[in-house]
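Here's the structure we're looking at; comments come further down.
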Amino acid sequence: MLTMAPKGTRDILPDEIYKWYYVEEKFREVANRFGFREIRIPVFEHTELFQRGVGDTTDIVQKEMYTFNDKGGRSITLRPEGTAGVVRSYIQNGMSSWPQPVKLFYNITAYRYENVQKGRYREFHQFGVELFGSADPGADAEVISLLHLYFNELGIKNLKLNINSIGCPVCREKYNKILKEYLGIRLGKLCETCRDRFNRNPMRILDCKIESCKNELVNAPALLDHICEDCAMHFDKVREKLITMDIPFSIDKGIVRGLDYYTRTVFEFVSENIGSQGTVCGGGRYDGLVEACGGSPTPGIGFGLGIERLLLEMDSQNIEVPLPEGPDIFIGFIGEKAEKLAESIALKLRTAGIPCEKDIMGRSVKSQMKYANKINARFAIILGDSEVESGKAELKNMSTGETKDIHIDTIVDRLLKYKQGNKNE
RNA sequence: GUGGGUGUAGCUCAGUUGGUUAGAGCGCCAGAUUGUGGCUCUGGAGGCCGUGGGUUCGAUUCCCACCAUUCACCCCA
């Protein structure tokens, strides 16, 4: 137990971190291109923020939060997602008086107490984007196109984009009446949980996976067919824009975001290759959220993108990420005088910005060379008494095996030139 | 919370029809004439065979429980 990471958490080791750097840098870069700026928010917030911002009736709040009292008696919760914290920050920092729209992105860990399975962990990583201040369908399209571009540039194929509209509170209320009429007559045939949902959140019944319930629901009215005129027009425009931008999508009337404050557009990017938790990215519009959290009415839209799932998908598609490079040079030595020389050269190289390693294991020359090979050093040099005396040494190119006699004083210059692209040096 | 699979070396996995010192490949460390890697060869380190209990003369092997892990349900990233 002492030597085991807690359930649902894991280490990201040096051998795989380059993949993380790669997708992180790409995400920052693409988000910046769209004018989104990075925000960093706390890992924990007041519990009530999530109760409000995520919604009291959701599974997340009801059973998945890491909640505890701090020593001051405050109820604190580790963030189960990113949106609520960003919304809080938007309000707290008066972002409504920033130039509009406010476009933010983030790279966070999040925490949910759930059973672990493929692509689902208790501590997981998300990229996200939140766009405040625009109710325009263009904002929806922009956020979705950001994702489309991002996946494209990573080389990911075949992620399926599903979109839907769940209307506004007004149309949802109307729809709920219609749905309840439909369900009311069939209530007896539904499972226990569904009967429970009937009063609390009838829309969730449509999500039920139990066969007998599904059978009763085949002809159930879909929310999309009952949204009001404004919402329908909004949805039409979003679709038009996606078509104009050549972004393929399907309409999935079944997407019903569990989070309470979602309005109008909801969407997800789904994979079929990474197990049953195939949603790589989920998002939508939340025009009521800022107000619900205590701010003035502000439209918003955003998404969360699961990094673990993204990486699983990239693996399943055999997408190659450029491997990290080894140090430019390994400095080996034998003897005390040579060691001092090696130390001073290593410091000069490092000061000049040249990655280099020097033996600190007291190994034989042969073993030092083996090590230089394992760490994928570009060059190696071995210093001994004769090198100390003559000021010259053999610089060995580790990939070709060629050696060149050089003056030790010139080593920094030579490697700098090499790095500047003069690979012939 | 529920159900199935799996726990033997750092990793991937053999194996013992229950019987003394538990194996391979990879990885790690070192050596193959004295100061030069990759290939090859040799050697070495490293296992309470997940934990606890039961059956037995004897358990890593059979049984039970627990724990961990994994996949799935629910839900979500």
Side-chain angles (χ1 to χ4, degrees), chain A residues 1-10 13 15 54-55 57-64 79-83 107-128 147 191 193-194 197 204 207-211 255-259 266 268-271 274-283 302-313 326 330-335 338 359 361-388 393-403:
Chain A
M1 201 86 331
L2 185 64
T3 54
M4 292 279 278
K7 190 189 194 76
T9 68
R10 51 182 206 163
L13 301 173
D15 279 348
V54 178
T57 64
T58 60
D59 279 9
I60 293 177
V61 170
Q62 286 186 347
K63 51 184 196 188
E64 296 175 359
R79 60 186 174 207
E81 50 102 55
T83 304
N107 174 11
I108 59 167
T109 53
Y111 305 84
R112 292 184 201 170
Y113 189 85
E114 298 183 90
N115 261 349
V116 175
Q117 82 192 64
K118 187 170 187 184
R120 184 167 68 196
Y121 308 94
R122 289 182 175 180
E123 178 185 63
F124 60 103
H125 297 73
Q126 275 190 339
F127 296 138
L147 285 162
C191 71
T193 18
C194 281
R197 287 165 176 155
R204 295 276 291 282
D207 257 354
C208 191
K209 301 293 189 293
I210 294 171
E211 208 54 42
I255 306 178
V256 185
R257 281 268 103 86
L259 313 178
V266 291
E268 53 192 29
F269 282 83
V270 185
S271 159
I274 58 172
S276 74
Q277 304 303 323
T279 307
V280 172
C281 173
F303 64 77
L305 191 166
I307 303 178
E308 285 85 357
R309 291 179 189 178
L310 176 72
L311 292 171
L312 278 175
E313 178 64 18
F330 174 84
I331 303 175
F333 61 85
I334 180 167
D359 179 66
M361 292 291 287
R363 287 202 251 240
S364 69
V365 169
K366 188 192 191 82
S367 292
Q368 291 184 46
M369 289 303 290
K370 280 189 180 176
Y371 179 74
N373 185 55
K374 274 182 232 174
I375 62 175
N376 207 15
R378 229 182 272 283
F379 293 98
I381 193 167
I382 299 287
L383 306 176
D385 287 343
S386 59
E387 283 80 5
V388 172
E394 278 187 353
L395 184 68
K396 183 168 192 172
N397 182 318
M398 293 296 285
S399 51
T400 64
E402 290 170 327
T403 60

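Keep in mind that the numbers below use all heavy atoms, side chains included, and drop hydrogens, waters and symmetry copies. Letters A, B, ... are given to chains in the order of the sequence lines, protein chains preceding strands, and every chain is numbered from 1.
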- request: For A/G304, answer base if it contacts any base atom (sugar-phosphate contacts may also be present), sugar-phosphate if it contacts only those atoms, and nothing otherwise; contact means non-hydrogen atoms under 4.0 Å.
  value: sugar-phosphate

- prompt: When we call it a touch if two heavy atoms are under 4.0 Å apart, what does A/F127 touch: a base, just sugar-phosphate, or nothing?
  reply: nothing

statement: The Watson-Crick or G-U wobble partner of B/U36, with both key distances under 3.5 Å, is none

- request: Sticking with atom C1', work out how far B/G54 lies from B/A59, rounded to a whole angstrom.
  value: 11 Å

- prompt: Counting only Watson-Crick or G-U wobble pairs whose two distances fall under 3.5 Å, which nucleotide matches B/G3?
  reply: B/C71

- prompt: Going by modelled atom types, is there a donor-acceptor pair between the base of B/G37 and the side chain of A/K396 at under 3.5 Å?
  reply: yes

field: Partner nucleotide, any strand, of B/G18 [Watson-Crick/G-U, under 3.5 Å]
entry: none

query: What interatomic distance, in whole Å, is found between C1' of B/G58 and the corresponding atom of B/G18?
result: 8 Å

- prompt: Looking at side-chain heavy atoms only, is the closest gap between A/Q117 and A/S276 below 4.5 Å?
  reply: yes

- prompt: Counting only side-chain N and O atoms of A/Q126, is one of them less than 4.0 Å from OP1 or OP2 of B/A77?
  reply: no

message: Please report the distance separating the P of B/U21 from the corresponding atom of B/C49, rounded so that it comes out in whole Å.
response: 13 Å

Base B/G38 to side chain A/N373, donor-acceptor N/O within 3.5 Å cut-off: no

query: So, is A/K63 close to the B/C74 phosphate, meaning a side-chain N or O under 4.0 Å from OP1 or OP2?
result: no

message: Both A/P6 and A/F124 contact RNA chain B. Which one's nearest nucleotide lies toward the 5' end?
response: A/P6

- line: Paired to B/A9 by Watson-Crick or G-U wobble criteria (both distances under 3.5 Å) is none

- prompt: Less than 4.5 Å apart, any side-chain heavy atom of A/R10 and any of A/E308?
  reply: yes

P gap between B/G38 and B/A9, integer Å: 29 Å

Euclidean distance for P, B/G23 against B/C63 (whole angstrom): 25 Å

- prompt: Side chain of A/S386, base of B/G35: donor and acceptor closer than 3.5 Å?
  reply: yes

query: If we call it a pair only when both distances are under 3.5 Å in a Watson-Crick or G-U wobble match, what pairs with B/A45?
result: none

query: When you check the phosphate oxygens OP1 and OP2 of B/U69, does a side-chain N or O of A/K7 lie under 4.0 Å from one of them?
result: yes

message: I'd like the P distance from B/C26 over to B/G35, given in whole Å.
response: 29 Å

message: Is A/S367 close enough to B/G31 that one of its side-chain N or O atoms is under 4.0 Å from OP1 or OP2 there?
response: yes

query: Roughly how far apart, to the nearest Å, are B/G4 and B/C66 at atom P?
result: 12 Å

field: Any A/N376 side-chain heavy atom under 4.5 Å of A/M398 side chain
entry: no

query: Does A/R120 place a side-chain N or O at less than 4.0 Å from the phosphate oxygens OP1/OP2 of B/C75?
result: no

message: Once you apply a heavy-atom cut-off of 4.0 Å, does A/E387 come out as touching a base, just sugar-phosphate, or nothing?
response: base

- request: Write down the distance separating the P atoms in B/C11 and B/C28, rounded off to the nearest Å.
  value: 15 Å

Close side-chain approach of A/R363 to A/I334, heavy-atom, < 4.5 Å: no

field: pi-stack flag for A/Y371 and B/G37, centroid dist under 5.5 Å, interplanar under 30°
entry: no

No-H, no-angle donor-acceptor pair, A/E114 side chain to B/A77 base, under 3.5 Å: yes

message: Classify A/G128 by what it touches in the nucleic acid, base, sugar-phosphate, or nothing, heavy-atom distance under 4.0 Å.
response: nothing

task: May I ask you to verify if any side-chain N or O of A/S276 is less than 4.0 angstrom from the OP1 or OP2 atom of B/C73?
output: yes

query: Closest nucleotide of RNA chain B for A/G401 versus for A/R309: which of these residues is on the 5' side?
result: A/G401

query: Mind checking who B/A65 pairs with, Watson-Crick or G-U wobble, both distances under 3.5 Å?
result: B/U51

message: Are the side chains of A/E394 and A/E387 in contact, using a 4.5 Å heavy-atom criterion?
response: no

message: Under 4.0 Å, heavy atoms only, any strand: does A/K118 hit a base, just the sugar-phosphate, or nothing?
response: sugar-phosphate

- request: Look at the side chain of A/Q277 and the base of B/C75, then say whether one donor and one acceptor between them are separated by less than 3.5 Å.
  value: yes

message: When you measure from the side chain of A/R79 to the backbone of A/T109, do you find a donor-acceptor pair of N or O atoms at a distance under 3.5 Å?
response: yes

- request: State, with a plain yes or no, whether a side-chain heavy atom of A/R122 is found less than 4.5 Å away from one of A/Y113.
  value: yes

- request: With heavy atoms under 4.0 Å as the rule, sort A/D385 into base, sugar-phosphate or nothing.
  value: base

- line: Heavy-atom closest pair (A/E123 atom, A/T9 atom, distance to 0.1 Å) is CB-CG2, 4.1 Å

